[in-house]
Structure formats: C-alpha cells, structure tokens
Amino acid sequence: MTDKKYLLPKKSVFNKIVGDSDFELEFADFLEGADDIISFAKNYYEIHFKIDYKNASGAISGYYPDFFVKKDNKIIYIVETKGREDLNDIEKIKRLEQWCKDASKRQKKIVYKMIYVKQEEWDKYKPKSFVELANMFV
C-alpha cells in the first residue's frame, strides 16, 4: 500500500481522488471548489480511458488524460495537467485535441473540449473559476 496524498471530493463519482502529483491534487481541489462545473473525475488506469497517439519517436503509445470535467449537460472537458513537459506531451495534446473534435462530430448531444494546463502558467495566473481557466488554457 502506498501513502499517496489524496482529496475527498463531493463533486466526483469517486470517493477519493489520489493524485499522481501535488499539482494534480491542487487542480482537483480547484475543481472541487469551482461553482461553475457540475462534476469531475480523475482518470485512473483502472477506468482505462486511453487515447492512442504517435509518440515523438513515431511509435504508437497510449495516453491517459488526467481529468474529465462536466461543465453542464452539453459540455465535457478533458483536462491534462502537466508539471514538466517532454517531447511526447506535445504529441499527446495534438491527439487529444483531435479526439475531442472527432468525438463531438460523431454525435450531437455532448461537445468535448480539451484543456492543457501547464503548472508554470497555472502558478502564474491562478484562475478563480473554471470558465476563467477554460478561457486561459484553450
């Protein structure tokens, strides 16, 4: 058993949010306090929401975005938080953006949008609401 830090949320379908980093937990806490969202969930490997992408070396890899955020009954954001960026992250984000466009086009009930939140920018701008975050990081 690990002693990872966690958050006990009220706006998530899960009863505990375990972060892969302190930044993920800080972001989950922000989502918990955001009055302008309905709910959110951390994407765990057990959920197995994975997007295949071509990595920087050209091989196919799997990518697990960090969070799902339900803004309202028509918009779901898929959010990637990143403390330190590497070459593969650029390819992951391009693929996530394409996945959101494709998923939104295949059906008309929900619009999927992506947000890429870099910790350096997060620390600098500290958004006060989810709408402010979405406008900053899109």
Side-chain angles (χ1 to χ4, degrees):
M1 177 143 73
T2 64
D3 291 328
K4 285 190 170 187
K5 295 177 185 177
Y6 61 89
L7 172 78
L8 299 175
K10 292 182 176 83
K11 285 188 176 179
S12 179
V13 295
F14 302 111
N15 62 358
K16 186 186 279 190
I17 303 293
V18 179
D20 295 327
S21 68
D22 287 343
F23 181 42
E24 281 189 9
L25 284 178
E26 181 181 346
F27 190 77
D29 190 51
F30 165 78
L31 294 173
E32 184 65 28
D35 293 334
D36 53 350
I37 66 166
I38 293 174
S39 61
F40 73 97
K42 170 82 173 83
N43 184 26
Y44 295 106
Y45 292 115
E46 292 81 4
I47 295 172
H48 208 67
F49 176 76
K50 177 178 83 166
I51 298 173
D52 291 334
Y53 75 103
K54 190 187 300 186
N55 67 26
S57 66
I60 300 298
S61 294
Y63 159 55
Y64 294 83
D66 292 325
F67 292 94
F68 309 106
V69 179
K70 187 173 185 180
K71 170 73 179 102
D72 53 41
N73 288 328
K74 296 183 187 231
I75 302 172
I76 295 178
Y77 285 87
I78 302 176
V79 181
E80 175 64 17
T81 59
K82 188 56 64 183
R84 188 177 55 196
E85 192 174 59
D86 66 32
L87 290 175
N88 285 329
D89 293 329
I90 296 163
E91 299 305 319
K92 289 176 188 177
I93 296 308
K94 286 196 295 192
R95 180 64 183 104
L96 176 57
E97 187 172 29
Q98 187 61 54
W99 185 95
C100 288
K101 287 177 185 175
D102 292 345
S104 296
K105 199 183 307 182
R106 288 189 71 142
Q107 46 75 48
K108 300 301 177 199
K109 291 183 179 181
I110 296 176
V111 174
Y112 292 92
K113 298 183 177 188
M114 59 82 60
I115 299 177
Y116 182 39
V117 182
K118 296 180 189 176
Q119 185 174 6
E120 183 178 314
E121 294 172 8
W122 168 267
D123 290 341
K124 183 176 179 181
Y125 298 113
K126 290 287 186 193
K128 304 288 187 255
S129 67
F130 189 80
V131 169
E132 188 178 336
L133 172 105
N135 289 333
M136 280 183 196
F137 292 94
V138 172

Is [Y] reachable from [X] through a run of hydrophobic residues whose side-chain heavy atoms are each under 4.5 Å from the next?
X	Y	value
I47	V18	yes
I37	L8	yes
Y6	F40	yes
V13	I75	yes

Which atoms form the tightest heavy-atom contact between [X] and [Y], and what is the distance?
X	Y	result
I17	S12	CD1-OG, 3.7 Å
K71	D36	NZ-O, 2.9 Å
E32	K11	OE1-N, 3.3 Å
E121	F137	OE1-CE2, 3.3 Å
C100	I78	SG-CD1, 4.2 Å
E97	M114	CA-CG, 3.7 Å

Within 6.0 Å of NZ in K108, more than 12 heavy atoms from elsewhere:
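Yes, NZ of K108 has more than 12 neighbouring heavy atoms, counting only those of other groups under 6.0 Å.
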
Is the number of heavy atoms from other residues, nucleotides or ligands under 6.0 Å of Q98 CD greater than 12?
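Count over threshold, so yes.
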
For the ring pair (Phe, Tyr, Trp, His ring centres under 6.0 Å) test, which of F68, Y64, F14 pairs with Y44?
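With Y44 as partner, F68, Y64, F14 yield a single ring pair (Phe, Tyr, Trp, His ring centres under 6.0 Å), made by F14.
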
Identified ring pair (Phe, Tyr, Trp, His ring centres under 6.0 Å) counterpart of Y77 within the set Y112, F130, Y116:
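The single option meeting the ring pair (Phe, Tyr, Trp, His ring centres under 6.0 Å) with Y77 is F130.
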
K92/E80 salt bridge by N-O under 4.0 Å criterion
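Salt bridge absent between E80 and K92.
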
Can you tell whether the side chains of K94 and E91 come within less than 4.0 Å, N to carboxylate O?
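Judged by the 4.0 Å cut-off on N to carboxylate O distance, K94 and E91 do form a salt bridge.
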
What distance separates [X] [atom1] from [Y] [atom2], expressed to the nearest 0.5 Å?
X	Y	atom1	atom2	answer
N135	S129	CG	OG	8.0 Å
L7	N15	CG	CG	11.0 Å
K128	F30	NZ	CZ	9.5 Å
T81	Q119	OG1	CD	8.5 Å
I76	I110	CD1	CD1	4.0 Å
I93	Y63	CD1	OH	4.0 Å

Do the non-hydrogen side-chain atoms of Y125 and L133 ever get within less than 4.5 Å of each other?
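Answer no - side chains too far apart.
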
Side chains of K5 and D22: does their closest heavy-atom pair fall under 4.5 Å?
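With C-beta onward as the side chain, the pair touches.
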
Between E85 (side chain) and I90 (backbone), is there a donor-acceptor pair under 3.5 Å?
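Looks like no, no N/O pair under 3.5 Å.
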
Report the residue from N88, D86, L87 that forms a side chain to side chain contact (heavy atoms under 4.5 Å, CB included) with N55.
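With N55 as partner, N88, D86, L87 yield a single side chain to side chain contact (heavy atoms under 4.5 Å, CB included), made by N88.
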
Determine, step by step, whether F49 and W99 satisfy the ring-ring contact (aromatic ring centres under 6.0 Å, His included) criterion, reporting the C-alpha distance in whole Å, the side-chain angles of both residues, the deciding distance to 0.1 Å, and the verdict.
CA-CA 12 Å; F49 176 76; W99 185 95; 5.1 Å; yes

Run the salt bridge (Lys or Arg N to Asp or Glu O under 4.0 Å) test against K54 and tell me which residues pass, sequence neighbours left out.
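K54: no salt bridge (Lys or Arg N to Asp or Glu O under 4.0 Å) contacts found.
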
